[in-house]
Novice: 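Got a structure for you, written out below as structure tokens; questions coming shortly.
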Number of protein chains: 2
Amino acid sequence: MKLEILTKNENQEIQNGIISKIRDLINYKNLEPGDKLPSERMLSEKFEVSRTNVREAIQKLEFYGLLKSKPQSGTFIADIGQVAMNGMIEDILRLEDPDFKSLVETRILLELKTVRLAATRRTEQDLTNMKEALDAYSVKVENGMDAVQEDLLFHLAIAKASGNSTMNTFMLIITPEIITKFEEYHVCDKGMAFKGIQEHQDIFEAIKNQDPQLAKEKMKIHFKALYQYCYNI
Amino acid sequence: MKLEILTKNENQEIQNGIISKIRDLINYKNLEPGDKLPSERMLSEKFEVSRTNVREAIQKLEFYGLLKSKPQSGTFIADIGQVAMNGMIEDILRLEDPDFKSLVETRILLELKTVRLAATRRTEQDLTNMKEALDAYSVKVENGMDAVQEDLLFHLAIAKASGNSTMNTFMLIITPEIITKFEEYHVCDKGMAFKGIQEHQDIFEAIKNQDPQLAKEKMKIHFKALYQYCYNI
DNA sequence: CAAACCAATCTGGTTAACCAATTCTTATTA
DNA sequence: TAATAAGAATTGGTTAACCAGATTGGTTTG
């Protein structure tokens with residue numbers, strides 16, 4: 001067998017090919033929820049790809065909740081019908097990499113919600129965590145240092161305090177890319193950083209006082225520059 | 001070497017252990033953005049776990065954008081500082097599985113936004129896709145059949161039309177679990193399904209007429225029962 | 001002395017062999 | 001004949017060997 005090193009993009013295309021073949025198989029064999037998929041070995045032979053490739057494709061579909069593999073037993077169709085299966089695989093295949101605008105737009109949406117939830121649900125421990133992150137940010141800025149990381153950590157502390165694990169996860173997913181792009185595009189300059197201290201303080205106070213509406217308003221103010229930036233790219 | 005079959009939970013704990021060890025190493029060695037992590041083989045030896053386990057842990061951190069591995073070269077710290085690295089790993093380790101309430105809460109938040117975006121950005125192709133999904137739903141309901149899948153596909157079509165790939169991805173992530181739980185808890189009964197046809201139609205019309213505010217209102221109506229359900233569990 | 005070259009080594013990725021739990025078949029027995 | 005036990009085959013998961021590109025240190029050469 002010839003060996004070849006593939007770029008991540010080529011690898012992704014192979015994986016997508018396998019996924020669409022799995023979809024075709026499910027349709028052709030009329031597999032329903034709970035039915036068993038052919039074994040990994042069989043699929044790798046049928047599709048003429050390595051078993052590793054098949055496993056990766058299955059794991060991706062498992063991540064999206066479409067398949068469920070059980071050790072020493074087999075891979076099974078999840079409790080989701082053929083219609084949804086086809087539609088979702090179609091979407092997964094066409095999914096494109098997120099652009100910066102999408103990321104920021106989503107971040108703003110999530111944070112305007114998490115800050116409200118945090119204001120109603122925050123525990124004492126949450127307040128302690130947020131205060132720590134807030135102080136770390138202040139120290140960095142007052143010493144004239146870059147504080148993008150500390151900024152984001154304060155926001156992540158809010159997400160955690162929201163008590164919504166799904167939104168918390170989503171914030172974690174988009175945060176690193178946002179940090180990278182921020183530093184790349186120099187979204188935050190020194191002047192904004194100083195203003196940020198007071199803005200963070202205001203947000204923190206609103207959450208502490210359990211005032212969701214005020215917390216949201218303060219967050220909106222904090223995002224004002226970001227808003228404009230996002231919609232002027 | 002003794003071989004042992006582990007449950008997914010046990011495996012996850014091993015992975016978290018490795019991740020925290022990687023974090024400790026990064027701190028101890030003061031690794032900065034761009035620095036190279038020790039090789040997978042070295043880590044697996046140092047931590048006394050299999051290389052596969054190390055690879056999985058690295059892939060997880062790569063998913064969250066904290067590491068970046070290059071073939072035949074090494075695994076590198078992403079463009080993110082030590083502070084954010086520590087904070088994010090901490091969060092990732094403590095991340096809990098999403099509960100149903102979190103899922104629904106997030107879905108409502110996302111959809112009230114995607115429907116507005118769809119109303120402003122939808123293309124003709126988007127309208128065609130949505131109309132197809134809408135008709136499929138109607139047919140199923142009118143024939144007295146379960147239509148949870150078709151319902152969700154209509155909503156996914158809206159997410160796609162929003163033109164925001166991040167939100168689209170997030171919708172794809174939470175959708176299958178929602179479908180499963182809906183069918184499990186029988187959230188949608190027949191009566192609701194019939195009402196749903198008109199509600200879907202209203203949403204579709206608002207998007208077609210590019211009226212974001214109306215689209216959001218119609219979506220809110222559509223979610224009314226879901227709202228109550230979510231907050232009464 | 002610096003630039004170009006080369007081979008040994010190291011790297012993440014890939015493949016193939018192996019493991020043990022499960023499942024299916026078959027033989028045995030009450 | 002039906003219930004049961006034994007064993008062979010199949011399965012996803014795991015480990016170890018292998019691959020080829022990338023790196024590195026030393027050597028040669030202009």
Side-chain angles (χ1 to χ4, degrees), chain A residues 1-19 21-22 25-26 29 31 34-78, chain B residues 1-19 21-22 25-26 29 31 34-78:
Chain A
M1 164 100 40
K2 181 70 187 305
L3 231 170
E4 204 177 341
I5 299 290
L6 300 174
T7 66
K8 299 218 165 152
N9 233 329
E10 290 167 331
N11 202 356
Q12 167 113 12
E13 274 177 35
I14 288 182
Q15 205 178 93
N16 279 351
I18 296 174
I19 289 179
K21 279 175 186 161
I22 291 178
L25 186 76
I26 290 175
K29 296 263 183 186
L31 297 182
D35 284 356
K36 189 158 81 172
L37 219 61
S39 73
E40 296 176 353
R41 287 169 183 79
M42 210 170 294
L43 291 178
S44 78
E45 198 175 340
K46 199 183 184 83
F47 299 159
E48 291 179 332
V49 294
S50 77
R51 197 182 143 201
T52 309
N53 288 138
V54 172
R55 278 180 65 79
E56 285 169 350
I58 289 177
Q59 277 166 13
K60 184 163 182 179
L61 292 179
E62 215 176 340
F63 172 77
Y64 284 104
L66 300 181
L67 296 178
K68 189 83 187 160
S69 64
K70 288 206 291 188
Q72 287 77 41
S73 177
T75 302
F76 300 85
I77 311 285
Chain B
M1 165 94 49
K2 180 69 187 306
L3 231 171
E4 204 177 342
I5 298 291
L6 300 174
T7 66
K8 300 218 166 153
N9 233 327
E10 289 168 332
N11 204 355
Q12 167 114 15
E13 275 178 33
I14 288 182
Q15 205 179 93
N16 280 351
I18 296 174
I19 289 179
K21 278 176 188 162
I22 290 178
L25 186 76
I26 290 175
K29 296 261 184 188
L31 297 183
D35 283 356
K36 190 158 78 174
L37 219 62
S39 73
E40 297 176 352
R41 287 169 183 80
M42 210 171 295
L43 291 177
S44 78
E45 198 174 340
K46 200 183 182 83
F47 299 158
E48 291 179 331
V49 294
S50 77
R51 198 182 142 201
T52 309
N53 287 138
V54 172
R55 278 179 66 78
E56 285 170 350
I58 289 177
Q59 276 166 13
K60 184 163 182 179
L61 293 179
E62 215 176 340
F63 172 76
Y64 284 104
L66 300 181
L67 296 179
K68 189 84 188 159
S69 63
K70 287 206 292 187
Q72 287 79 39
S73 175
T75 302
F76 300 84
I77 311 285

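A note on names: the letters A, B, ... follow the listed sequences, proteins ahead of strands, and every chain is numbered from 1.
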Novice: With 3.5 Å as the limit, what N/O pairs link the protein to nucleotides 5-11 of chain C?
Specialist:
from: C/dT11; atom 1: OP2; to: B/Ser39; atom 2: OG; distance (Å): 3.4

Novice: Using the side-chain contact (heavy atoms from CB on, under 4.5 Å) criterion, which residues pair with B/Lys29? Sequence neighbours excluded.
Specialist: B/Leu25, B/Leu31

Novice: Return the set of residues passing side-chain contact (heavy atoms from CB on, under 4.5 Å) with A/Gln15 (not counting sequence neighbours), or none when no residue passes.
Specialist: A/Glu56, A/Ala57, A/Lys60

Novice: Just verifying a value: how many Å separate B/Ser44 OG and B/Ile18 CD1, rounded to the nearest 0.5 Å?
Specialist: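 Rounded to the nearest 0.5 Å, the OG-CD1 separation comes out at 9.0 Å.
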
Novice: Return all side-chain donor-acceptor pairs below 3.5 angstrom for residues 34-43 of chain A, not counting sequence neighbours, or 'none' if the list is empty.
Specialist:
from: A/Asp35; atom 1: OD2; to: A/Glu32; atom 2: N; distance (Å): 2.8
from: A/Lys36; atom 1: NZ; to: A/Ser73; atom 2: O; distance (Å): 3.4
from: A/Ser39; atom 1: OG; to: A/Met42; atom 2: N; distance (Å): 3.2
from: A/Glu40; atom 1: OE1; to: A/Arg51; atom 2: NE; distance (Å): 2.9
from: A/Glu40; atom 1: OE1; to: A/Arg51; atom 2: NH2; distance (Å): 3.0
from: A/Glu40; atom 1: OE1; to: A/Arg55; atom 2: NH1; distance (Å): 3.3
from: A/Glu40; atom 1: OE2; to: A/Arg55; atom 2: NH1; distance (Å): 3.1

Novice: Taking ring pair (Phe, Tyr, Trp, His ring centres under 6.0 Å) as the definition, give me every residue that meets it alongside B/Phe63, ordered by chain and number, with sequence neighbours left out.
Specialist: A/Phe63

Novice: Does B/Gln59 CD have over 12 foreign heavy atoms under 6.0 Å away?
Specialist: yes

Novice: Going by the rule side chain to side chain donor-acceptor pair (under 3.5 Å), which residues pair with A/Asn16 if we only count those two or more places apart in sequence or in a different chain?
Specialist: none

Novice: Between atom CG in A/Leu67 and atom P in D/dG12, what is the gap in whole Å?
Specialist: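 Roughly 11 Å, once rounded to whole Å.
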
Novice: Return the minimal non-hydrogen interatomic distance between A/Ala78 and A/Gly65, and the atom names on each side.
Specialist: CB-O, 3.3 Å

Novice: With a 4.0 Å heavy-atom cut-off, tell me which residues in residues 43-58 of chain A come close to DNA chain C, sorted by residue number.
Specialist: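 Under 4.0 Å from DNA chain C: A/Ser50, A/Arg51, A/Thr52.
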
